[in-house]
Amino acid sequence: MLSEPRSGRLAAWGNALLAGFVSPDDAAEAVVGEDTVHRVEGVPGESGPIGLTLALGRLRALGVSGLRVALPVSGHPLGLSGPPEFNARALEAEEAVVCQGAALGLVPEVFEAGPQGDVHVEVVWHCLPVRVAPPADVPSLSEAERELAEALREATRVLSRLDLAGSGPVAEAAVDAYRARAERGRELLAPGYPPRAVRVLELAQRVGVLVSVAGEYEHGHGGAVSAAELAARAEVLRPVERTARRAQVAAYNAYVESRERG
């Protein structure tokens, strides 16, 4: 939750391209971000992997009118609709993009090479058939915003009971990462998204960082606690983290949601 999922960047900037707000090259550059290169394999009509700019054009020609995000984890197939083969790949990656207007989806596979401090990241998006059906457990933007408000209160309450001074550098770095990201709020989504989607995504990330900080205590960075206390804390944080993931998906999917409403 602390870093933007690649599926979120692809969906957001792909939607901006489909809506005519950005050029293909600008969209591809934004999706790649700090990675070295992105390629797409399995695009219908293509014999091998192709560049991201060309792939986005091919998908549009195949009838794709929007892109949705899925952020599934074991036991929670958030945003997926099948078939099992696609779901299995998406669960392994913990993210995917599902196309609107064509029965296709994309799952990233990440390859890293190079020494520490000079790591080159290449991403291959696997284009696969998907089932045309409502995505699992995705709330509307308004529902997500309401749920997040309560989740933020709960995450803050749990965190306030911990010894922040003993959290260690990992938790402190997590808080710093969130603060830096919050200052760049305008960069959270691509052009064309409603302000409410940006607000919901920022709030989802805030909840996510609080859950991550609390999780550092669970792994021994905080003061001494009993096994029962750790279990109780995990039980409280689990639905909070799920709410944050659902809201993140709702924010990225706001473009398609608004188109469906006409």
(Q) Just checking Glu143: does its CD atom have more than 12 heavy atoms from other residues, nucleotides or ligands closer to it than 6.0 angstrom? (A) yes
(Q) Please find the pair of heavy atoms, one from Leu148 and one from Ala244, that lie closest to each other, and give the distance. (A) CD2-CA, 4.0 Å
Q) Which value, rounded to the nearest 0.5 Å, describes the distance between Tyr255 atom OH and Phe21 atom CZ? A) 7.5 Å
Q. Any side-chain heavy atom of Leu56 within less than 4.5 Å of one from Pro24?
A. no
**Q.** Heavy-atom closest contact (Phe86 atom, Val97 atom, distance)
**A.** CZ-O, 4.0 Å
Q: Say whether Glu112 and His120, considering side chains only, have a donor N or O and an acceptor N or O under 3.5 Å apart.
A: no
Q) Are any non-hydrogen side-chain atoms of Val40 and Val43 less than 4.5 angstrom apart? A) yes
Q | Non-hydrogen side-chain atoms of Leu52 and Leu10 separated by less than 4.5 Å | A | yes
(Q) Please check: side-chain N/O of Arg245 versus main-chain N/O of Leu71, any donor-acceptor pairing under 3.5 Å? (A) yes
Q. Can you find a heavy atom in the side chain of Arg89 that is under 4.5 Å from one in the side chain of Leu128?
A. yes
Q | Any donor-acceptor N/O pair, Ser81 side chain to Pro134 backbone, under 3.5 Å | A | no
Q.
So which atom in Pro44 and which in Cys127 form the shortest heavy-atom distance, rounded to 0.1 Å?
A. CD-SG, 4.2 Å
(Q) Contact between Trp125 and Val107 at the side-chain level, heavy atoms closer than 4.5 Å - yes or no? (A) no
Q. For Arg6, which residues count as a salt bridge (charged side-chain N to carboxylate O under 4.0 Å, His left out) partner, sequence neighbours excluded?
A. Asp35
Q.
Does Arg68 form a salt bridge (charged side-chain N to carboxylate O under 4.0 Å, His left out) with Glu257? I'd like the steps, not just the answer.
A. CA-CA 9 Å; Arg68 293 181 180 271; Glu257 179 185 309; over 6 Å; no
Q) What is the minimum heavy-atom distance between Asp137 and His76, and which atoms define it? A) OD2-NE2, 2.6 Å
Q. Rounded to the nearest 0.5 Å, what separation is found between the CG atom of Leu106 and the OG atom of Ser7?
A. 10.5 Å
Q) Can you name the closest pair of heavy atoms from Ser23 and Leu17 and give their distance? A) C-CD1, 3.8 Å
Q: Could you grab the distance from atom CD of Glu46 to atom CZ of Arg58, nearest 0.5 Å is fine?
A: 4.5 Å
Q: Say whether Leu104 and Val31 are linked into one hydrophobic cluster, either directly or through other cluster members, by side-chain heavy-atom distances under 4.5 angstrom.
A: yes
Q. With side chains defined as the heavy atoms from C-beta onward, is the minimum distance between Val32 and Val37 less than 4.5 Å?
A. no
Q. Can you get from Val119 to Val110 by hopping between Ile, Leu, Val, Met, Phe, Trp and Tyr side chains that sit under 4.5 Å apart?
A. yes
Q. Is any side-chain heavy atom of Leu78 less than 4.5 Å from a side-chain heavy atom of Val73?
A. no
Q | Reported CD-to-CD distance for the pair Glu95 and Gln248, which is rounded to 0.5 angstrom | A | 9.5 Å
Q: Assess the side chains of Tyr193 and Asn15: does a donor N or O sit below 3.5 Å from an acceptor N or O?
A: yes
Q. So which heavy atom on Pro191 is nearest to which on Val22, and how close?
A. CG-CG1, 4.1 Å
Q.
With no hydrogens and no angle check, just 3.5 Å: does a side-chain donor-acceptor pair link Glu260 and Gln100?
A. yes
Q) Hey, is the main chain of Gly82 close enough, under 3.5 Å, to the side chain of Arg131 for a donor-acceptor pair? A) no
Q | Shared hydrophobic cluster for Leu91 and Val124 (ILVMFWY, side-chain gaps under 4.5 Å) | A | no
Q) Rounded to the nearest 0.5 Å, what separation is found between the CG atom of Leu141 and the CZ atom of Arg146? A) 10.5 Å
Q) Is a side-chain N or O of Asn87 found less than 3.5 angstrom from the main chain of Pro77, in a donor-acceptor match? A) no
Q: Please round to the nearest 0.5 Å and tell me the distance separating atom CG of Leu18 and atom CG of Leu67.
A: 5.5 Å
**Q.** Connected via hydrophobic side-chain network under 4.5 Å: Val98 and Leu62
**A.** no
Q: Report yes if some heavy atom in the side chain of Leu189 is under 4.5 Å from a heavy atom in the side chain of Tyr252; otherwise report no.
A: yes
